[in-house]
2 protein chains.
Amino acid sequence: MVTKTLRQQKALETKQRILRTALALFSAKGFDHVSVDEIVRESATSKGAFYGHFASKYDIFLEKFKEIDQFYSEFQQNLPDELPAEDKIRKLAIAQMMYLREELGRDGTRALYAYALTPSVDNYLSDTERPLYAVLESFISAGQKSGELASTASAKRLTMLLSRSMRGTLYDWAIFDGDFDLAAEIDEWLELLFTGLRV
Amino acid sequence: MVTKTLRQQKALETKQRILRTALALFSAKGFDHVSVDEIVRESATSKGAFYGHFASKYDIFLEKFKEIDQFYSEFQQNLPDELPAEDKIRKLAIAQMMYLREELGRDGTRALYAYALTPSVDNYLSDTERPLYAVLESFISAGQKSGELASTASAKRLTMLLSRSMRGTLYDWAIFDGDFDLAAEIDEWLELLFTGLRV
DNA sequence: CATTTTCATAGACCGCAGTCTATAATCTAT
DNA sequence: ATAGATTATAGACTGCGGTCTATGAAAATG
């Protein structure tokens with residue numbers, strides 16, 4: 001449904017002006033140091049306009065975060081099919097971490113993870129329909145079929161547990177000060193997980 | 001330094017009145033549905049008194065959370081020494097989950113994890129000096145010495161990764177609606193981690 | 001065209017966590 | 001005992017995210 005009326009046209013312009021302004025401000029000053037009033041002032045709009053287009057200050061941010069879905073499908077398409085399942089999973093995990101580091105940054109990730117904890121919000125993180133799950137599950141499922149991966153748990157279940165590991169790593173990245181090499185952390189973690197802790 | 005003057009005595013009473021009132025309200029209505037104004041009103045004190053005694057609304061809550069440290073040391077003392085390292089770790093993890101479920105609840109845990117994401121706050125979660133780390137590390141270290149556990153990573157490192165798993169599980173508990181059996185989740189997770197994913 | 005309806009926007013307003021300032025009760029020193 | 005310093009507390013105030021109401025311009029209706 002392409003934009004039709006003048007009204008819709010103008011509304012869309014307003015929305016995009018807000019979006020651009022907000023992202024620029026977030027990028028310049030960090031999510032927590034930009035107020036909605038500031039966004040509204042800077043984009044010469046109003047609170048009414050802002051909340052007409054976005055559900056919350058975080059929502060605007062989510063818009064950006066969801067671009068990661070695009071990233072996932074591209075990733076899947078560009079990956080050689082014959083790679084071992086383990087390698088695919090590791091590459092995905094590392095790529096995801098690097099993507100978030102570059103695109104959202106620590107501040108952004110922190111804000112996103114905090115928002116997901118807001119009561120009664122259908123946060124994107126816990127949406128098991130998002131592409132991350134689909135991609136991961138396809139890798140795991142293939143790995144189980146080919147006998148590379150243990151089948152003690154279902155592919156769906158393993159997908160949940162693996163994605164949880166990623167969330168845990170990202171959460172720690174957000175709360176720990178000092179050096180924290182996201183890619184190295186997830187890599188070491190997966191190595192451990194694949195090998196197992198026993199003996 | 002035992003309380004000396006009348007002033008100190010009264011101040012302490014005020015503090016405890018606030019604390020009791022706040023915890024009762026949190027327990028009754030959930031952390032997010034209790035305002036500082038309400039605590040102050042209900043305890044017949046003032047904002048000045050509140051923030052004189054507590055750094056933030058979350059701080060008061062942390063006071064309660066830190067009781068878990070007591071729990072850890074008791075746990076360690078009551079555990080048979082000759083138990084395999086793996087069992088000790090699993091029991092600890094499960095006990096911790098049950099403790100949090102009972103004492104903080106999902107709302108409380110959610111609030112705690114959200115607070116830890118507040119920028120520039122020396123959040124308790126990321127304090128590697130807290131007893132959880134010490135207890136876990138002692139189990140892991142013993143397990144490595146006796147040859148039960150892999151020594152590919154240092155005990156300190158494994159402690160971090162294991163505690164991260166717990167944080168990840170608790171985080172997911174907080175963000176996912178519906179059924180989520182904390183104890184079962186961590187148990188299944190540890191089983192996987194000990195065994196490894198390969199073959 | 002004239003009218004009625006819709007709806008994007010402006011900005012006053014609310015509730016909240018946290019800060020600041022004033023004050024009076026208590027403590028200390030002489 | 002009195003004067004002066006200290007400090008726990010009261011409560012006005014700020015800044016924030018988010019809501020609500022009013023309004024005028026654009027769209028639909030006839």
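These numbers come from the heavy atoms of this one structure, side chains and all, not from hydrogens, waters or symmetry mates. Every chain is numbered from 1 and lettered A, B, ... according to where its sequence line falls, protein lines coming before strand lines.
Toward the 5' end of DNA chain D, the nearer of the two residues A:Leu6 and A:Asp37, judged by each one's closest nucleotide, is A:Asp37.
Whole-Å rounding puts the A:Phe31 CZ to D:dG17 C1' distance at 10 Å. Here C:dG18 presents its C1' atom at 11 Å from OH of B:Tyr115, a figure rounded to the nearest Å. Atom pair A:His33:NE2 and D:dG15:P shows a separation of 15 Å (rounding to whole Å applied). What separates CZ of B:Phe50 from P of D:dC13 is a distance of 22 Å, to the nearest Å. In this entry the distance linking NZ of A:Lys57 with C1' of D:dC16 reads 8 Å, nearest Å. Between the P atom of C:dG18 and the CG atom of A:Asp32 lies a distance of 14 Å, rounded to the nearest Å. Rounded to an integer number of Å, the gap from CD1 of A:Ile39 to P of D:dC16 is 11 Å. B:Arg41 has its CZ atom 18 Å from the C1' atom of D:dT9, to the nearest Å.
Cation-pi check for B:Lys156 over B:Tyr133 is not met; the charged atom does not lie both under 6.0 angstrom from the ring centroid and within 45 degrees of its normal. Figure legend: cation-pi geometry between A:Arg167 and B:Tyr171 absent, as NZ or CZ is not positioned both under 6.0 Å from the six-membered ring centre and within 45° of its axis.
Here the side chain of B:Val36 is nearest to one of D:dA27, C:dA17, C:dC27, namely C:dA17.
Close placement of the A:Phe31 and A:Tyr58 rings is indicated, their centers lying within 6.0 Å of each other. Remark: aromatic rings of A:Phe75 and A:Tyr99 are distant, center separation not under 6.0 Å.
When all heavy atoms are compared, the tightest approach of A:Lys57 to A:Asp32 is NZ-CA, 4.4 Å.
At a threshold of 4.0 angstrom between heavy atoms, the contacts of A:Val40 with the nucleic acid are absent.
For the residue pair A:Arg198 and B:Thr195, a side-chain donor N or O sits within less than 3.5 Å of a side-chain acceptor on the partner.
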5' to 3', nucleotides 4-11 of chain C under a 4.0 Å protein heavy-atom cut-off (B base, S sugar-phosphate only, - none) gives --BBSBBB

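Phosphate contact (OP1/OP2 of C:dT26, side-chain N/O of B:Thr5, threshold under 4.0 Å): absent.
Here the side chains of A:Trp173 and A:Arg101 are in contact, with some heavy-atom distance below 4.5 Å.
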